[in-house]
Novice: 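Here's a structure for you.
The first residue in the sequence is number 1, and the count goes up from there.
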Amino acid sequence: MTRMLIIGPPGSGKGTQAERISERLGVVAISTGDIFRANVKGETPLGIEAKKYMDNGDFVPDSVTNKMVRDRLNESDVENGFLLDGYPRTTAQVDYLDEILADGDEKLDVVLQLTADDEELVHRLLGRAKETGRSDDNEAVIRHRLDLYHEQTEAVVAKYAERGILTQVDGIGPIDEVTNRVMQAIKAAQAA
């Protein structure tokens, strides 16, 4: 059983790699961004609330995000493990996730961080915006999201590094090459 997180700045390839890890390890990938976008598209109360923050490149408040993650981790398909993508993004969310896992007498096995240069990420995300038409992908919003990542999420990375469960992987390069690095890193972390 594998319980893990994938963390990285916006555009580092977390979603792509999460899908591949999920397939190879047979664990469910849970993307908070996908859940938010589905709620926005469905115009649910959560979606309407979340959209205000997402369109500005801000984090959706912990109260909304935490409840959503707790509900999702209580579903039966996570019994054999999971891969969280996009959560936790703040140290308060790390503490909340610790509580959720402790309630089930569980803990994280590995935290995988994809790394990439900010200018490369801006270039990637602007390209993605042209392809997909995502409203949260313009240069000002992208740079704001990167600033938030550096200000808040890097503290999350530091917390997991202190626990000895952080594994960093270079997220730059062809997708298959990155996937190979990711799978080798997970294998090494599980053997440790």
Side-chain angles (χ1 to χ4, degrees), residues 4-25 27-62 64-65 68-69 72 82-90 93 111-157 167-186:
M4 64 182 294
L5 309 178
I6 188 166
I7 293 178
S12 61
K14 294 182 305 292
T16 300
Q17 295 304 324
E19 284 178 26
R20 290 170 167 227
I21 294 166
S22 171
E23 287 171 16
R24 293 182 184 196
L25 296 183
V27 297
V28 64
I30 301 169
S31 163
T32 52
D34 287 350
I35 296 169
F36 286 142
R37 284 186 287 278
N39 279 278
V40 167
K41 188 175 181 180
E43 297 182 348
T44 67
L46 172 64
I48 292 165
E49 173 84 8
K51 187 174 187 327
K52 292 184 273 189
Y53 299 96
M54 292 167 63
D55 283 349
N56 291 324
D58 292 326
F59 289 158
V60 177
D62 287 357
V64 176
T65 308
M68 180 190 66
V69 170
R72 183 63 185 89
F82 59 82
L83 169 61
L84 274 174
D85 166 12
Y87 183 92
R89 287 190 172 170
T90 65
Q93 288 179 356
V111 175
L112 181 74
Q113 181 189 25
L114 290 179
T115 61
D117 173 72
D118 280 4
E119 293 310 310
E120 171 69 22
L121 296 172
V122 170
H123 177 75
R124 275 188 189 182
L125 290 170
L126 289 173
R128 181 175 80 181
K130 287 179 187 158
E131 290 174 22
T132 64
R134 274 182 53 173
S135 64
D136 59 342
D137 279 346
N138 66 60
E139 188 162 353
V141 169
I142 290 166
R143 291 198 181 276
H144 177 65
R145 289 169 58 210
L146 286 169
D147 288 344
L148 275 178
Y149 174 80
H150 293 303
E151 290 167 17
Q152 296 182 29
T153 308
E154 286 183 353
V156 170
V157 170
T167 299
Q168 294 180 316
V169 175
D170 181 2
I172 300 297
I175 293 172
D176 288 341
E177 197 176 290
V178 175
T179 301
N180 288 337
R181 287 195 297 261
V182 163
M183 295 312 296
Q184 288 172 358
I186 292 169

Novice: Counting distance only, does the side-chain N/O of Asn56 pair as donor-acceptor with the main-chain N or O of Asp58 below 3.5 Å?
Specialist: no

Novice: For Ile35 and Val69, what are the C-alpha separation, side-chain angles and deciding distance, and is it a side chain to side chain contact (heavy atoms under 4.5 Å, CB included)?
Specialist: CA-CA 10 Å; Ile35 296 169; Val69 170; over 6 Å; no

Novice: At their closest point, which heavy atom of Val40 faces which heavy atom of Gly47, and how far apart are they?
Specialist: CG2-O, 3.3 Å

Novice: Near Ile48 CD1, under 6.0 Å, is it more than 12 heavy atoms from other residues, nucleotides or ligands?
Specialist: yes

Novice: Rounded at 0.5 Å granularity, tell me how far OH in Tyr87 sits from CD1 in Ile30.
Specialist: 11.5 Å

Novice: Name the one of Ile21, Val178, Val169 that satisfies side-chain contact (heavy atoms from CB on, under 4.5 Å) with Met183?
Specialist: Ile21

Novice: Quick check for you: to the nearest 0.5 Å, what is the distance between Ile6 atom CD1 and Ile186 atom CD1?
Specialist: 7.5 Å

Novice: Regarding Arg20 and Asp176, does a basic nitrogen lie under 4.0 Å from an acidic carboxylate oxygen?
Specialist: yes

Novice: Measure the spacing between CZ of Phe82 and CG of Leu5 and express it to the nearest 0.5 Å.
Specialist: 7.0 Å

Novice: So, the side chain of Ser12 versus the backbone of Gly171: is there a donor-acceptor pair under 3.5 Å, distance only?
Specialist: no

Novice: Check this for me, if you would: do Arg143 and Glu119 make a salt bridge, where the nitrogen-to-carboxylate-oxygen distance has to be below 4.0 angstrom?
Specialist: yes

Novice: Would you give the length of the straight line joining atom CG of Asn180 to atom CD1 of Ile175, rounded to the nearest 0.5 angstrom?
Specialist: 12.0 Å

Novice: Let me confirm one number: the CD-CG distance from Gln152 to Asp147, rounded to the nearest 0.5 Å.
Specialist: 11.0 Å

Novice: List the atom of Ala116, the atom of Ile172, and the distance in Å for their closest heavy-atom pair.
Specialist: CB-CD1, 3.6 Å

Novice: From the options Asp62, Leu148, Thr65, Thr153, select the one residue that forms a side-chain contact (heavy atoms from CB on, under 4.5 Å) with Thr90.
Specialist: Asp62

Novice: For Arg145 and Pro10, indicate whether the former's side chain and the latter's backbone hold a donor-acceptor pair under 3.5 Å.
Specialist: no

Novice: Looking at Glu151, I'd like to know if its CD atom is crowded, meaning that more than 12 non-hydrogen atoms belonging to other residues, nucleotides or ligands lie closer than 6.0 Å.
Specialist: yes

Novice: Please tell me whether Thr167 and Gln113 have a donor and an acceptor in their side chains that are separated by less than 3.5 angstrom.
Specialist: no

Novice: Kindly indicate whether the side chain of Glu154, heavy atoms from C-beta on, has any atom under 4.5 Å from the side chain of Ile7.
Specialist: no

Novice: Take a 6.0 Å sphere around NE2 of His150 and say whether it holds more than 12 heavy atoms from other residues, nucleotides or ligands.
Specialist: yes

Novice: Go through it in stages, so that I can follow the logic: the residues are Asp118 and Tyr149, the test is side chain to side chain contact (heavy atoms under 4.5 Å, CB included), and I'd like the CA-CA distance, side-chain angles, deciding distance and then a yes or no.
Specialist: CA-CA 11 Å; Asp118 280 4; Tyr149 174 80; over 6 Å; no

Novice: Rounded to the nearest 0.5 Å, what separation is found between the NZ atom of Lys51 and the OG1 atom of Thr44?
Specialist: 12.5 Å

Novice: Taking Gln17 as the fixed residue, which of Leu112, Leu83, Thr179 is the one that meets the side-chain contact (heavy atoms from CB on, under 4.5 Å) rule?
Specialist: Thr179

Novice: If every non-hydrogen atom of Leu125 is compared with every non-hydrogen atom of Gly11, which pair is closest and at what distance?
Specialist: CD2-CA, 3.6 Å

Novice: What closest approach, in Å, do Ala18 and Ala29 show between heavy atoms, and which atom pair accounts for it?
Specialist: O-CB, 4.0 Å

Novice: With the side chain counted from C-beta on, respond yes when Leu84 and Met4 share a heavy-atom pair under 4.5 Å apart, and no when they do not.
Specialist: no

Novice: For Gly8, is there any backbone N or O sitting under 3.5 Å from a side-chain donor or acceptor partner on Lys14?
Specialist: yes

Novice: Could you tell me whether a side-chain N or O of Gln93 sits under 3.5 Å from a main-chain N or O of Arg89, the two making a donor and an acceptor?
Specialist: yes

